[in-house]
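Have a look at the structure below before the remarks.
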Amino acid sequence: AGDGPGRTGECVGSFGAPHRPPGPARPSLDVLGTHTVRRVRSLEFPEVCLKSSTAPFDPVLVVADGRTVYFAWTLVHGDGSDGPAFLDRWDVTSGVRTEMPIGSDGIDGVAVLPGNQVLVVTDTAATTLNALTLQTIKSVRLPSVPGFGAISPDGRRMVSPMPDFRMAYA
């Protein structure tokens with residue numbers, strides 16, 4: 001019982017990979033109130049995420065107003081390499097999920113930017129999407145970057161575990 005962590009939808013570590021609870025419950029993300037730690041809504045993962053291999057770094061972001069959740073994820077090829085990247089957006093009030101293929105492979109970072117934009121960095125591109133429509137605003141090719149990182153709030157810098165990686169995105 002209870003409505004806190006450990007229930008269906010708990011994120012594994014900080015990566016947002018679906019928690020697969022024992023029994024018939026479908027894996028989901030639980031949106032919890034920060035003051036009550038009570039479930040506000042359960043958001044179901046895309047069916048393909050449950051039936052296919054996804055990468056270990058599938059970040060989940062909550063917009064500051066708490067009304068939108070983003071899930072950046074990538075399929076994994078049979079040889080273990082990164083496959084197609086996707087960005088899903090949930091409306092927390094309705095539970096409706098919208099999915100958008102990014103157009104390149106792997107997820108290396110994601111950030112919600114000012115001006116209703118979301119920046120997704122993949123293995124080969126930095127793509128800015130409209131936060132409401134998930135349509136591409138701008139995409140810049142990058143050198144291959146096998147790793148993940150954190151993106152600055154303005155989207156101009158990324159910290160990566162690769163010492164010689166530099167992201168130039170203006």
Side-chain angles (χ1 to χ4, degrees), residues 5 9-19 28-34 40-41 43-46 48-49 54-76 81-170:
E10 179 183 26
C11 293
V12 177
S14 59
F15 296 116
H19 170 66
S28 61
L29 285 173
D30 281 347
V31 178
L32 306 176
T34 56
V40 174
R41 167 145 334 251
L43 306 172
E44 290 190 358
F45 281 99
V48 69
C49 283
T54 61
F57 179 67
D58 291 333
V60 175
L61 300 173
V62 180
V63 176
D65 66 11
R67 295 185 301 200
T68 306
V69 172
Y70 292 97
F71 174 50
W73 57 281
T74 186
L75 292 172
V76 175
S81 64
D82 286 341
F86 298 85
L87 182 69
D88 289 6
R89 183 193 67 232
W90 282 278
D91 177 304
V92 173
T93 304
S94 68
V96 171
R97 181 181 61 84
T98 304
E99 179 177 293
M100 181 60 62
I102 301 301
S104 56
D105 292 348
I107 291 291
D108 296 313
V110 63
V112 176
L113 304 178
N116 281 330
Q117 298 179 354
V118 178
L119 174 62
V120 178
V121 177
T122 66
D123 293 349
T124 58
T127 302
T128 303
L129 304 165
N130 178 296
L132 302 174
T133 66
L134 297 185
Q135 297 300 308
T136 299
I137 296 170
K138 179 180 180 180
S139 189
V140 175
R141 301 299 297 170
L142 297 174
S144 182
V145 183
F148 60 90
I151 300 171
S152 65
D154 66 1
R156 295 183 181 270
R157 304 280 183 265
M158 181 172 171
V159 177
S160 174
M162 298 189 63
D164 61 350
F165 173 66
R166 293 188 192 110
M167 184 173 92
Y169 188 78

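These numbers come from the heavy atoms of this one structure, side chains and all, not from hydrogens, waters or symmetry mates.
The shortest distance between side-chain heavy atoms of W73 and L75 falls below 4.5 Å. Side-chain contact between D123 and D108 is present, with heavy atoms from C-beta onward closer than 4.5 Å. Residues L134 and L87 meet the side-chain proximity criterion, which asks for heavy atoms closer than 4.5 Å. Contact of the V76 side chain with the S81 side chain is not registered, since no non-hydrogen atoms from C-beta on lie closer than 4.5 Å.
The CG atom of L61 sits 13.5 Å away from atom CZ of R89, with the distance rounded to the nearest 0.5 Å. Note that the OG1 atom of T74 and the CD1 atom of I102 stand 10.0 Å from one another [nearest 0.5 Å]. With rounding to the nearest 0.5 Å, the separation of CG in N116 from CG in L129 is 12.5 Å. The line from OH of Y70 to OG1 of T98 is 9.5 Å long, rounded to the nearest 0.5 Å. In this structure, CD1 in I151 is found 13.5 Å from CZ in R156, a value given to the nearest 0.5 Å.
Closest approach of G155 and L119 over heavy atoms only: O-CD2, 3.6 Å. Nearest heavy atoms, T122 versus D105: CB-O, 3.3 Å. In plain terms, the two heavy atoms of G106 and D82 that are nearest each other are CA-OD2, 3.5 Å. Q117 and A131 get closest at one heavy-atom pair: N-CB, 3.9 Å. Considering all non-hydrogen atoms of both residues, A85 and I107 come closest at CB-CD1, 3.7 Å.
At distances below 3.5 Å, not a single donor-acceptor pair connects side-chain atoms of T124 with backbone N or O atoms of L142. Counting only distance, with no hydrogens or angles, the side chain of D30 and the backbone of L32 share no donor-acceptor pair below 3.5 Å.
Annotation: side-chain hydrogen bond (donor to acceptor under 3.5 Å, both in side chains) contacts of T93 (sequence neighbours excluded): none. With sequence neighbours excluded, the residues forming a side chain to side chain contact (heavy atoms under 4.5 Å, CB included) with R97 are P46, D88, W90, E99, listed by chain and number.
Counting only residues at least two apart or in different chains, ring-ring contact (aromatic ring centres under 6.0 Å, His included) contacts with residues 112-137 are absent.
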